Amino acid sequence: MSHAHGSRVQEFIGDPVSEAPPVAREKLEEIFQDIQSDLRFDHELTGCLNCGICTATCPSAHYYDYSPREIVQLLWTENLEGIYDAMQEKIWACAQCYTCAARCPFGNSPGGLVMLMREVAIKHGMESARNVLRPFSRVMLKLISTGNQLSPDMISKDGFPDWGPNISKVDAPLATLRKAIPVPTLHTTKTAWEVNLKTSVELYTIWEETGVLESLKTIDANLYDVIGDIMDEKRDDWQDFLDDQEEEDD
Ligand code: SF4
Ligand code: SF4
């Protein structure tokens with residue numbers, strides 16, 4: 001396993017009193033390799049003093065069993081099992097606020113490293129990634145079908161149970177309020193704003209080329225299929241529009 005700073009990779013894998021490791025070394029190495037080979041890795045991790053400044057300033061560390069210092073140490077010492085374990089739960093506690101990156105005397109970005117680990121967890125279809133991302137299916141569907149992440153009609157008690165009692169504070173006649181907005185394209189609660197067809201189709205290309213849709217396939221195959229159908233439909237609509245334009249020009 002290559003690394004600019006030489007290998008510190010963990011030699012022993014598994015429970016010391018058991019012959020069988022819970023996850024094969026090959027799998028652990030593959031996961032670490034995926035994290036380490038990302039172009040951002042050497043930029044986000046240049047060393048670690050184990051000083052704990054990142055954890056002291058981390059809001060998530062105050063509320064969860066989570067420490068950016070621990071994550072960075074696991075990566076820096078190439079602790080394959082520890083990295084894998086952290087990807088089962090801990091990495092999802094990070095709020096991605098990057099306070100840690102602003103404070104680290106070594107110039108590391110623990111939040112950025114967590115982002116890499118999350119992407120690899122998704123790539124490998126880890127259960128933790130499926131569980132965390134499941135509630136976002138509706139958001140993803142909305143984004144693909146309308147270009148909006150969120151629309152007023154999604155803000156309901158059923159739509160956001162994780163908001164707890166705060167959701168009742170958004171109990172307002174949204175349909176009426178939207179009609180009061182001077183811009184006619186905002187007179188709907190189905191979208192936050194109108195995204196034109198060309199932009200939607202261009203976004204599909206970006207999501208395909210950047211591997212976002214391929215990642216979704218690993219996490220939720222059904223949603224991937226539904227989204228594929230919507231994209232095909234919108235691309236057909238766009239092509240029809242272009243054909244009509246061409247006919248008008250002739
Ligand atoms: S990542 Fe930076 S702030 Fe955190 S323990 Fe290491 S050197 Fe200290
Ligand atoms: S980016 Fe994550 S790890 Fe860094 S301070 Fe914010 S919550 Fe903590």
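Start at 1 with the first residue, then count along the sequence. Order of appearance sets the numbers: ligands from 1, and atoms from 1 within every ligand. Here the structure is a predicted model, which is why all the values come from computation and not from measurement.
- Per-residue contacts place G111 under 4.0 angstrom from the following atoms of ligand 2 (heavy atoms of the residue considered): 1 (S).
- Counting protein heavy atoms only, atom 7 (S) of ligand 1 is closest to L49 N, 3.2 Å.
- Of all the atoms in ligand 1, the ones that sit under 4.0 Å from a non-hydrogen atom of N108 are 1 (S), 2 (Fe).
- Taking CD1 from I35 and CD from E30, the interatomic distance works out to 11.0 Å, rounded to the nearest 0.5 Å.
- The closest heavy-atom contact to atom 5 (S) of ligand 2, among the options C100, A102, C104, comes from C100.
- Between W193 and T185, the side chains place no donor N or O within less than 3.5 Å of an acceptor N or O (distance only, hydrogens not considered).
- Less than 4.0 angstrom separates some heavy atom of N50 from each of these atoms of ligand 1: 5 (S), 6 (Fe).
- Counting only distance, with no hydrogens or angles, the side chain of R69 and the backbone of N50 share no donor-acceptor pair below 3.5 Å.
- Atom 1 (S) of ligand 2 has its closest protein heavy atom at Y98 N, 3.0 Å.
- Expressed to the nearest 0.5 Å, how far CG of L74 lies from CG of L113 amounts to 11.0 Å.
- Contacts between C58 and ligand 2, counted as non-hydrogen atom pairs separated by less than 4.0 Å, involve both the backbone and the side chain.
- Between W238 and F241, the angle of the ring planes stays under 30°, which puts this pair in the parallel group of the 30/60° scheme.
- The ligand atoms of ligand 1 that sit less than 4.0 angstrom from a heavy atom of P105 are 3 (S).
- Judged by distance alone, the side chain of N148 and the main-chain N or O of A192 form a donor-acceptor pair under 3.5 Å.
- Of all protein heavy atoms, the one lying nearest to atom 4 (Fe) of ligand 1 is C54 SG, 2.3 Å.
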ask   = Are S128 and N131 close enough, and set up right, to give a side chain to side chain donor-acceptor pair (under 3.5 Å), and what steps lead you there?
value = CA-CA 5 Å; S128 66; N131 290 339; over 6 Å; no
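- Inspection of the K190 and T146 side chains reveals no N or O donor paired with an N or O acceptor under 3.5 Å.
- Under 4.0 Å from ligand 2, not a single heavy atom of Y63 appears.
- Residue contact check: Y66 has heavy atoms under 4.0 Å from atoms 3 (S) of ligand 2.
- Of the protein's non-hydrogen atoms, C51 SG, 2.3 Å is the one closest to atom 8 (Fe) of ligand 1.
- At the shortest separation from atom 2 (Fe) of ligand 2 among protein heavy atoms lies C94 SG, 2.3 Å.
- Of the N and O atoms on the side chains of Y98 and Q96, at least one donor lies less than 3.5 Å from an acceptor on the other residue.
- Coordination check, C97 versus atom 6 (Fe) of ligand 2: passed, since an N/O/S atom of the residue sits under 2.8 Å.
- In this structure, R40 pairs ionically with E119, as a charged nitrogen and a carboxylate oxygen lie closer than 4.0 Å.
- Ranking protein heavy atoms by distance to atom 6 (Fe) of ligand 1, first place goes to C48 SG, 2.4 Å.
- Every atom of ligand 2 is numbered from 1 in the order shown, and the set under 4.0 Å from a heavy atom of P68 is 3 (S).
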